[in-house]
Amino acid sequence: MTTTAVPAESPIEPLPFRDTTLTLRIRVGDLLARLTREERIAMLHQYSPAVPRLGVAAFRTGTEALHGVGWLGAATVFPQAVGLGATWDEELVHEVATATGTELRAFHHHRAPAAGEGRISLQAWAPVVNLLRDPRWGRNEEGYAEDPLLTARLADTFCRGLAGDDPDHLRTAPVLKHFLAYNNEDERCLTSSGLRPRVLHEYDLAAFRTAIAAGSATGVMPAYNLVNGRPCHVSPLIEAELRRWARPTGHELFVCSDAEAPSNLVDPEEYFEDHARSHAAALKAGVDSFTDHADDPGTTIARITEALERGLLTEEDIDRAVGRQLSIRFRLGEFDPERDPYAGTGWSVVDSPAHRRLALRAATESVVLLRNERRLLPLAPAEGRRVAVLGPLADSLFEDWYSGTMPYRVTVAAGLGAALGARGGEVLRTEGVDRVALRAASTGGLLAVPAGDPTGPIGTTEADGKPGDEACFDLFDWGNGVLTLRSAASGRYVTLKDAGLGLAADQTQPNGWDVHETFRLEPQEDGTELLRNVHNGAYAVVDPATGLVTVSAAGPAAAERWTRTVVRDGATDALAAVRAADTAVVVLGNDPHINGRETQDRADLRLPPAQEALLRAVAAECPDTVLVLMSSYPYAVDWAQANLPAVLWTSHGGQETGRALAAVLLGDSDPAGRLPQTWYRGDEPLPERLDYDIIKAGWTYQYHRGAPLYPFGHGLSYTSFDYRALTAEPAGDQIACSVEVTNSGTRDGVETVQLYTRALDARYEAPSLRLADYRKLRLAPGERRRVEFTVPLSALAHWDVAEGRFTVDPGAYEILAARSAGAVELSVPFTVDGPEPGPRRVTGRSVRAADFDDHAGVTLVDAERTHGDAVSPLAGATGRLLFRSAELPDGPASFSAEVSRTEPGAAVLELRTGDPESGPLLARLSVPSTGGRYAWTTVSAELPAGPGGVHDLYLVLRGEQRLASFTLDRR
C-alpha cells in the first residue's frame with residue numbers, strides 16, 4: 001500500500017513541559033497551567049483540538065485493538081478474544097498484543113491524519129475483561145473467559161504487550177473495557193445489573209483488578225448499563241476501587257466514556273434532569289474524556305461550560321481530568337519524540353512474515369478438541385485420501401465488528417486442501433447451501449444483477465427468463481428466519497443501499513454497525529414469499545417502469561410476491577461430495593455480524609436448524625464425520641456429542657484459520673485449546689439473562705448445579721497424560737503445591753494443568769470449584785515433569801458481608817489438580833487454622849441492607865445518585881433478606897430502618913427469626929410514602945424483649961419500598 005508521511009511539528013520555543021529532565025508531574029503541570037480555560041474544556045472531548053500557540057497537536061482518544069488493529073484497513077487479524085482465551089497461554093497472548101501494539105504504532109506514524117483529527121490514536125481500547133457469564137451475550141466473542149482469574153491474567157499480559165516494556169514511554173496506552181458487570185445487549189442502556197457485594201468483589205471487580213494494580217492498564221472505559229440502578233458512568237467505584245488500586249503504581253487511570261454514553265444519562269436513562277448536571281456528575285465520578293457526538297466537540301464543550309457556570313463543577317475538577325489525559329500523552333512520547341523508543345516503527349511491521357507466523361500459531365493454539373471417539377482424529381493423510389469439506393463456513397472466513405481487515409484469508413477448505421494436496425490427498429468442497437432464483441409475480445422476471453455489471457443495481461429480468469448466474473443467489477440460513485443472499489455472478493452479498501433503498505450485490509461479507517445484508521423470506525398463503533430487509537424492516541418491490549428493485553414497501557400489502565426455485569440443492573451437493581470421499585468435515589457456526597453481536601443478544605444456544613439438518617444428513621451418510629464449529633460463542637450441540645465421533649471448536653481465528661485447523665485435523669499440531677467457558681446442554685433452562693447473581697442463579701462452573709455439555713477448561717489431546725503425587729504445604733501466607741504430570745501416550749502433546757480450590761463445610765455459599773492457577777505444558781512421549789504452583793492463601797478468601805472485607809475462614813479445604821472443571825484428577829486436603837468466626841454482629845451498628853447472606857424476590861437499587869446501595873422488592877413480589885447467625889439482644893431493644901417509598905400509602909417491613917414467613921415476628925414497621933426514591937426516612941419499633949442468642953434473621957419487605965439499612969439497639 002502507499003503511505004503518506006506525516007509532517008513534523010514546526011519548531012517552537014522550548015518550554016518546561018518539553019524539558020525531559022523534569023519529572024512527568026512537573027511537565028504535565030506546566031503544560032496544564034499554560035492552557036486557557038476554554039482549551040482545557042475542549043480537551044475533555046474525544047476529539048481534543050490542537051493548540052498551535054504551544055505546538056500541541058490535535059489528539060483523539062481510542063483506537064480499536066481487540067485482536068489486531070481494527071477499523072484502519074488491512075492489518076494482521078488474530079483469533080477473537082474468546083479464542084485467545086481458549087489458548088490459556090499468557091506468553092502467546094503477550095506476543096499477540098505486542099504485535100498489535102507494534103502495528104498500531106506503524107499506523108500512527110505512517111498514516112496521514114484526517115482533517116482536524118490528529119494522528120491515529122495510540123490509546124488502544126482493549127482488552128475487554130467483561131466475564132462471559134451468559135453465553136447468549138451478543139459480545140461473547142470480545143471476552144476471554146467466564147473465570148475472573150483467567151480473564152485477569154490474560155488481560156494483564158495483553159496490556160503489557162500493548163504498552164511495551166520501556167520504563168518511561170508507552171508503545172500504546174491500553175484501556176480496559178467495559179466497567180462494570182456488562183453481559184447483555186438487549187436494552188443495554190436501560191438495564192441494571194444487580195450485584196450483591198460478594199458477586200461484586202469476588203467476581204466482577206476481580207477481572208479488572210490485576211491489570212490496574214500492576215499498572216499495565218492505563219485506562220478504563222465504563223459500560224453502558226447500570227449497576228444496582230446507577231449508570232456505570234457515574235459509579236463511585238471508579239474512584240473507590242479502580243483509582244485506589246492504581247494509586248500505588250504512581251500513575252492515575254485515564255477514564256474514557258463509551259460512545260454516546262454521557263448523553264444517555266439524560267436520554268434515554270433519565271437519570272439526571274439535564275445534560276450539564278449529568279456531565280458534571282460523570283466528571284466528578286472520574287470520567288476524564290467524553291466520547292459523544294462523534295467528532296463534534298461543541299455539544300460537550302457547551303455542557304461542561306454550563307456546568308462550570310452553574311457551580312456544578314470547579315476548574316479543579318476540569319484540571320484533574322485534563323491532567324490525566326496529558327499524562328498519557330506525555331507517556332506516549334508526544335512531547336519528546338526524540339526519546340520515544342517506538343517512534344521509529346516502520347510500516348513493514350504490518351502483516352509482516354513474523355506476524356503472519358504468529359497469527360498461525362495463535363489460531364492453531366486456540367483450537368479445542370471437544371470429542372474424539374474411535375480416535376478418528378488426527379486424520380491419516382494417506383496417499384489418495386479424499387476429504388469432503390462442507391458447510392456454510394467451509395470456504396468462508398468472517399471478520400467481526402472489532403476486526404481489522406484481513407490481508408488474506410485461508411479458509412478451512414483451502415488450508416486442508418493445501419495440506420492434503422502436498423501429501424497426495426484431495427479436498428472436495430461444497431458449502432451445502434441452496435442456490436435459488438426468485439421470480440416476481442408482478443412481472444414474471446427474475447431477481448438479477450445487471451449482466452454487464454454484477455455489482456450494480458439489482459432489478460428483474462424480462463418475463464420468463466432463464467436463471468443464469470446473474471439471477472442465481474446462494475442462500476445462507478443463519479437461523480431465526482434471518483438469511484443472506486450471495487450472488488452467483490459477483491460472489492458478493494446482496495445489500496440494501498441507503499441511497500434510494502435499492503439493492504446491489506457488492507459486499508464481501510455482512511458488515512457495519514447497521515447490517516444491511518440480512519433478509520427474511522416470509523411465506524404467504526399462496527405459496528409465494530415476501531423479501532424483507534432486516535435492517536429497515538421494509539419489503540422489496542419492483543418498479544414496473546424500470547424493473548429495478550427497491551426495499552421500500554412499509555407493509556406486506558404493497559410488497560412484491562416472489563416464487564423461489566431451487567436451482568442447486570445444497571444438501572444433494574453435500575451428500576454427493578460425501579459419497580465420493582473417505583471422511584467428511586462439516587464446518588458450521590455463525591457470522592459474527594448476525595444473530596448475536598453488539599446491540600443484539602442471542603435468543604438461545606441452538607445451531608441454526610438448517611445447519612443442524614445438514615449435519616445430520618451428512619452423518620447419516622458418513623459415519624466418519626467431523627464437526628468443526630467456528631463460532632463466537634458456545635452452541636448446545638447435544639446431538640453431535642451423542643452421535644458424532646469428533647467435534648472441534650475454534651473461534652473466528654483470523655486470516656490463518658484454515659492452515660491452523662488443517663494442522664490440528666491432520667495431527668501436525670496437538671489440539672492445545674481449552675474451553676474458556678462452560679458449554680451448557682440444550683435441554684437445560686438457563687437462568688434469566690439479567691440475573692447477574694452468579695451464586696443464586698447458578699452461573700459458570702463455580703456455581704452451575706447441572707452436568708454441562710462441556711465443562712470449563714475442557715479440551716482433549718491426541719495423547720494421554722497421567723497425574724500423580726499432588727502436594728500442598730503451607731508456606732507462610734502461601735500454599736506451595738506441586739503435581740507430577742507424565743505424557744503416557746506415544747506422541748508429543750499439550751496439557752493445561754488446572755489447579756482449583758474448594759472450601760468444605762463453609763458457612764457461606766462457596767463455589768463448587770475455583771480456579772487458583774494453571775500451567776500449560778508441552779511434553780514428549782514418556783516425559784515426566786513436576787509442576788510447581790505457589791498459591792496465595794487469599795485464593796481461599798471470600799467477601800465477608802458482615803465485615804465488608806475479604807477473609808479466609810479457618811477450616812477444611814481441598815486443593816485439586818484437574819484437566820477441566822469436570823475432570824478432577826487428584827485432590828489433597830488442606831486445613832487453615834485459626835479462631836472460628838463469631839456470630840454476626842448486628843446490635844448497636846448500622847447494617848447495610850445490601851450486605852445480606854441470601855435473598856429472594858428483591859433487586860438492588862441506588863440509595864443516592866452518587867453513592868450507596870439499597871434493596872427493593874421486585875414488582876409484585878415479597879422481598880426476603882437473610883442475615884445468617886446474627887447475635888441478637890436479649891432484653892428490651894429497638895429496631896429502626898432507613899426506608900423510602902415512592903407510591904402513595906404504606907408498605908410493611910417485618911423482622912423475623914428462623915423463617916421469613918412462619919418464624920417469630922419481632923417487629924412490623926409501616927413504611928410511609930416519602931415522595932421520592934431518595935427521600936429517606938427512619939421508621940422504628942420497640943421490642944419489649946429481644947430473643948437473645950444467635951439466630952438467622954430475616955427482613956421481609958411487603959409492598960413497594962426501598963431499604964438502605966437497619967439498626968438493632970439495646971434499650
Side-chain angles (χ1 to χ4, degrees), residues 81 127-140 142-152 155 175-212 217 220-242 245 255 257-258 261 264-265 269 271 285-287 598-599 601 677 686-700 702-703 767 799 801 850-851 855 858-863 867-872:
V128 170
V129 295
N130 298 112
L131 296 163
L132 305 183
R133 171 193 63 99
D134 185 344
R136 296 169 297 188
W137 184 31
R139 301 180 77 170
N140 191 88
E142 297 182 37
Y144 290 127
E146 70 180 30
D147 178 77
L149 181 136
L150 178 57
T151 294
V175 173
L176 302 180
K177 299 178 1 180
H178 312 80
F179 187 78
L180 178 71
Y182 170 38
N183 196 220
N184 66 279
E185 293 304 297
D186 297 342
E187 300 295 325
R188 62 180 177 173
C189 295
L190 298 174
T191 58
S192 178
S193 307
L195 294 186
R196 60 196 282 190
R198 275 199 60 201
V199 175
L200 171 68
H201 290 279
E202 295 175 22
Y203 192 65
D204 286 282
L205 283 179
F208 286 83
R209 184 166 189 162
T210 299
I212 294 173
V220 171
M221 177 185 289
Y224 284 115
N225 57 287
L226 297 80
V227 168
N228 296 353
R230 181 182 296 108
C232 289
H233 280 72
V234 291
S235 172
L237 296 171
I238 294 173
E239 294 290 343
E241 298 290 348
L242 302 185
W245 302 337
V255 177
S257 85
D258 210 337
N264 290 349
L265 293 169
E269 291 168 354
Y271 198 75
V287 174
E598 186 169 359
T599 72
D601 290 316
Q677 62 188 130
L686 293 180
E688 199 278 320
R689 67 177 66 241
L690 291 180
D691 191 344
Y692 278 75
D693 187 347
I694 65 166
I695 300 172
K696 189 79 171 176
W699 281 118
T700 83
Q702 292 192 22
Y703 295 98
W799 183 260
V801 290
D851 286 332
H855 66 96
V858 300
T859 186
L860 286 150
V861 295
D862 53 334
H867 65 278
D869 297 326
V871 176
S872 182

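Because the structure is predicted, anything quoted here is derived from the model rather than measured.
Here the shortest heavy-atom pairing between L265 and P231 reads CD2-CB, 3.4 Å. Scanning all heavy atoms of the two residues, the minimum distance from D851 to P197 falls at OD1-CG, 3.2 Å. Taking each heavy atom of D147 and L150 in turn, the nearest pair found is OD2-N, 2.9 Å. In terms of heavy-atom proximity, G229 sits nearest to Y271 at O-CE1, 3.4 Å. When all heavy atoms of N228 and S192 are compared, the pair lying nearest together is N-OG, 3.2 Å. Heavy-atom minimum distance, D601 versus G138: OD1-N, 3.0 Å.
In terms of the salt bridge (Lys or Arg N to Asp or Glu O under 4.0 Å) criterion, E269 has no residue partners (sequence neighbours excluded). Partners of D134 under the salt bridge (Lys or Arg N to Asp or Glu O under 4.0 Å) rule, at least two apart in sequence or in another chain, are R136. Every residue two or more places apart in sequence or in another chain that forms a side chain to side chain contact (heavy atoms under 4.5 Å, CB included) with A697 is listed here: P687, D691, W699. Checked against side-chain hydrogen bond (donor to acceptor under 3.5 Å, both in side chains), W799 has no partners two or more places apart in sequence or in another chain. When the side-chain hydrogen bond (donor to acceptor under 3.5 Å, both in side chains) test is applied to S193, the partners found at least two apart in sequence or on another chain are N225. Every residue two or more places apart in sequence or in another chain that forms a side-chain hydrogen bond (donor to acceptor under 3.5 Å, both in side chains) with H855 is listed here: D693. With sequence neighbours left out, E146 forms a salt bridge (Lys or Arg N to Asp or Glu O under 4.0 Å) with no residue at all. Contacts of F208 classified as ring-ring contact (aromatic ring centres under 6.0 Å, His included), with partners at least two apart in sequence or in another chain: F179. Every residue meeting the ring-ring contact (aromatic ring centres under 6.0 Å, His included) condition with W137, not counting sequence neighbours, appears here in chain and number order: Y182. Among residues two or more places apart in sequence or in another chain, the side-chain hydrogen bond (donor to acceptor under 3.5 Å, both in side chains) test is passed with Y692 by N184. Take D258 and apply the side chain to side chain contact (heavy atoms under 4.5 Å, CB included) test, not counting sequence neighbours, and it matches H178, M221, Y224, H233, A261.
Atom-to-atom distance recorded for N264:CG and S257:OG is 9.5 Å, nearest 0.5 angstrom. Rounding to the nearest 0.5 angstrom, the gap separating the CG atom in D186 from the CZ atom in R689 is 6.0 Å.
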ask   = Would Q677 and N140 satisfy side chain to side chain contact (heavy atoms under 4.5 Å, CB included), going step by step from the backbone distance to the final call?
value = CA-CA 10 Å; Q677 62 188 130; N140 191 88; 2.8 Å; yes
key: Derivation and outcome, side chain to side chain contact (heavy atoms under 4.5 Å, CB included), residues D869 and R196   = CA-CA 9 Å; D869 297 326; R196 60 196 282 190; over 6 Å; no
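The neighbour count for E187 CD, taken as heavy atoms of other residues, nucleotides or ligands under 6.0 Å away, does not exceed 12.
Side-chain N or O atoms of T151 include none that pairs as donor or acceptor with a backbone N or O of Y144 at under 3.5 Å.
For residues 200-210, every residue pair satisfying the salt bridge (Lys or Arg N to Asp or Glu O under 4.0 Å) rule, not counting sequence neighbours, is listed here: R198-E202.
By the 4.5 Å heavy-atom criterion applied to side chains, L200 and L237 are counted as neighbours. Proximity of T859 to V871: side-chain heavy atoms (C-beta onward) are nowhere separated by under 4.5 Å. Side-chain contact check for V199 versus I695: some heavy-atom pair is nearer than 4.5 Å. Annotation: side chain of R133 is in contact with side chain of I694 (closest heavy-atom distance under 4.5 Å). At least one side-chain heavy atom of L205 sits under 4.5 Å from a side-chain heavy atom of L180. Side-chain contact between S235 and E241 is absent, with no heavy-atom pair separated by less than 4.5 Å. Within the 4.5 Å cutoff, the side chain of V255 has heavy atoms near those of the V287 side chain.
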